[in-house]
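Scroll down for the structure; my scribbles are underneath it.
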Amino acid sequence: MGTGILIFLGIVLFGALAIIGYFITIYNGLISLKENIKKSWSNIDVILKQRHDELPKLISVCESYSEFEKGILDQLMKAREKYFKASGVTKKSEASNEVTAALQGIFALAENYPDLKANKNFMQLQERISHLEETLADRREFYNDSVNNYNIRIKQIPDVLVAGMLNYQDEEMFKVSQKERADVKINIKIPKFG
Amino acid sequence: MSGVHIEGSEPIVALIGLGLGIYFFFAGFRELKSKRIIQNIPTSKINTGAVGTNVEVTGRIVCEKDQIVHAPISGRPCAFYSIEIQRWERNRSHRGSSLGSHNSRTGFNRGRWVTVESFNSGKGFFIDDRSGANAMVLVNGAIIKRKGGTRDYELQSNNFDQMPAGLRQALESNQKKLRKFKLKNTSWLFSNRFRFREWHFSVGEKIFVLGHADSGLRTPKRNTLKFKTFLRAKKVIQENDKLKSRFDTNQDGKLDEAELERGAKIIAQQLEAKYSKEKLEDLASKTKLIFKQKKPNPFYISNMSEKDLIKDLATWSTLKIWGGPILTTGCAAYLFVLFFP
């Protein structure tokens, strides 16, 4: 056996090992990307569940003020029910956006009720829900980053070959509602002088 | 070997090269895997990051004023430093190899630096990403990727008394942990060359961390008293008549040195317990994540940006995956020609 053959065999052996190793790395990478999406969705779901549990308390505090607008509370109740029935990322994110919009409506309306705004329970709930909303926004960003990483990776060479074998498709992002994207209208009452 | 007579260290070097090539090949894949993990995990905010999983954060090192330490060799104020103690080991064989690196020398001074011990200024540091919370990073077991050099100090073991005061103090305070290194002047005849290598993370330095994040802050209980607190406690007793009579065990109306020291120890312990509790409460209120090694999760700490770190890992993994097989094949071919001419 000549030196040339030995070098050739070495190249073939390491070439085969490199291809196998690279395939395993890509395969494991794609699996972990997919699992990252599931995990980051679970992290959102935990926060949504916590917020969901706080809503009845908020509704009962608001209902104790007889003059508080019932329409907005009904809207929140409906959104809560919709979230409860929803399954899958898209439907849950839609229901979650409705809950967020209803909550924003309640907190905005509470500005007109100084007694309610000063209520200790209401203040605590507002603080807790605001914190959950903030956490939700960050985790939604994290989830979308995970989905974005995955969606890009399954289209890139050489990952596209392995993704094709695994039949991996694009995942959907957690979309922000039109209401949240819209500009906030601020009505400032300017006092009249003279 | 079919009657072939082989001399010199070349075959040994070729054999080492063959093994190193295989090692580089697999190490390259490990780095490729790390690169992909870093790419796959998006950056979280410390305040809202999920615990109990792999988390990636970037932030600046924060440190309380009284927690700032001075790097022993450079003397720079920092949040964390590490010292590696290396000993110069001469090669025993007389024929030299052409392999030379930062840690090895060829020619008359042939040999290499061997790390015998290492120690850190503490268990870790805190980082803040302006999300309203901070994270504690316990560095033990982490892969540290640093940009920026190290500071070295070399001397013979018979000249240990000439080392900088800061380094000496650091070595003395860590003496119990250092089992393979003794800070003792040896005679000129048996002296070894030592190198002390320092690196540090400064306060305000931007840090990238990827690792398993946990919640809940538990600080270790202090068993030793700070000398400063002990002296303070001594002064408190001397100025307070009630304390004086409390620690006057033989009731002779005088507080002798032994009584004073015993009392100072008790008071100092109380003072430190109060101080630690205050500190713990202060830190716990702001610390949301604790990064520490948890196998098999990856644990990276770097002062490079994520982009630079990925670039660095990509370069090294490519070099190792391609360079390793070339080295192994080359060495195998050389050995083949040598043994089967």
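Letters go in sequence order (proteins before strands), and every chain restarts at 1.
Put simply, CD1 on B:I41 and OG on A:S32 are 7.5 Å apart, with the number rounded to the nearest 0.5 Å. Between atom OG1 of residue B:T53 and atom CG of residue A:N43 there is a gap of 7.0 Å, rounded to the nearest 0.5 Å. Between B:T48 atom OG1 and A:E141 atom CD the span is 8.5 Å, to the nearest 0.5 Å. Taking CD1 from B:I326 and CD1 from A:I7, the interatomic distance works out to 11.5 Å, rounded to the nearest 0.5 Å.
Contact record, A:F142 with B:S44: CE1-OG, 3.1 Å, taken as the closest heavy-atom pair. Among all heavy-atom pairs drawn from A:F14 and B:F25, the shortest one is O-CZ, 4.0 Å.
Within a 6.0 Å radius of CH2 in A:W41, more than 12 heavy atoms belonging to other residues, nucleotides or ligands are found. Around NZ of A:K78, the count of heavy atoms belonging to other residues, nucleotides or ligands within 6.0 Å does not exceed 12. Enclosure of atom NZ in A:K34 by more than 12 non-hydrogen atoms of other residues, nucleotides or ligands within 6.0 angstrom is indicated. Remark: A:F107 CZ is packed, more than 12 non-hydrogen atoms of other residues, nucleotides or ligands lying under 6.0 Å away. Heavy atoms of other residues, nucleotides or ligands lying less than 6.0 angstrom from NZ of B:K33 number 12 at most. Other residues, nucleotides and ligands place no more than 12 heavy atoms under 6.0 Å from the CZ atom of B:R130. Atom CD of A:E127 sits in a sparse spot, with 12 or fewer heavy atoms from other residues, nucleotides or ligands closer than 6.0 Å. Taking a 6.0 Å sphere around CG of A:D170, one finds it holds more than 12 heavy atoms contributed by other residues, nucleotides or ligands.
With chain B as partner, the option from A:V46, A:N148, A:L17, A:I47 having the largest number of non-hydrogen pairs under 4.5 angstrom is A:L17. Contacts with chain B were tallied for A:T25, A:N36, A:L13; A:T25 has the most, counting heavy-atom pairs under 4.5 Å.
Interface remark: A:N144 contributes no atoms to any contact with chain B (heavy atom separation under 4.5 Å). At a 4.5 Å heavy-atom cutoff, the contact between A:N149 and chain B is made by side-chain atoms alone. At a 4.5 Å heavy-atom cutoff, A:I24 makes no contact with chain B through either its backbone or its side chain. With a 4.5 angstrom heavy-atom cutoff, A:Y22 touches chain B via backbone and side-chain atoms both. With a 4.5 angstrom heavy-atom cutoff, B:T328 touches chain A only via side-chain atoms. For a residue to count as touching a neighbouring chain, one of its non-hydrogen atoms must lie under 4.5 Å from one of that chain's; by this rule A:T135 touches chain B with backbone and side chain alike. For chain B, no part of A:L136 is nearby; none of its heavy atoms comes within less than 4.5 Å.
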- Can you list the steps and then say if A:N28 with B:R36 is a side-chain contact (heavy atoms from CB on, under 4.5 Å)? CA-CA 10 Å; A:N28 288 346; B:R36 290 183 75 102; over 6 Å; no
- Between B:N40 and A:R153, is a side-chain hydrogen bond (donor to acceptor under 3.5 Å, both in side chains) present by the stated rule, with each step listed? CA-CA 9 Å; B:N40 289 353; A:R153 192 56 72 73; 3.3 Å; yes
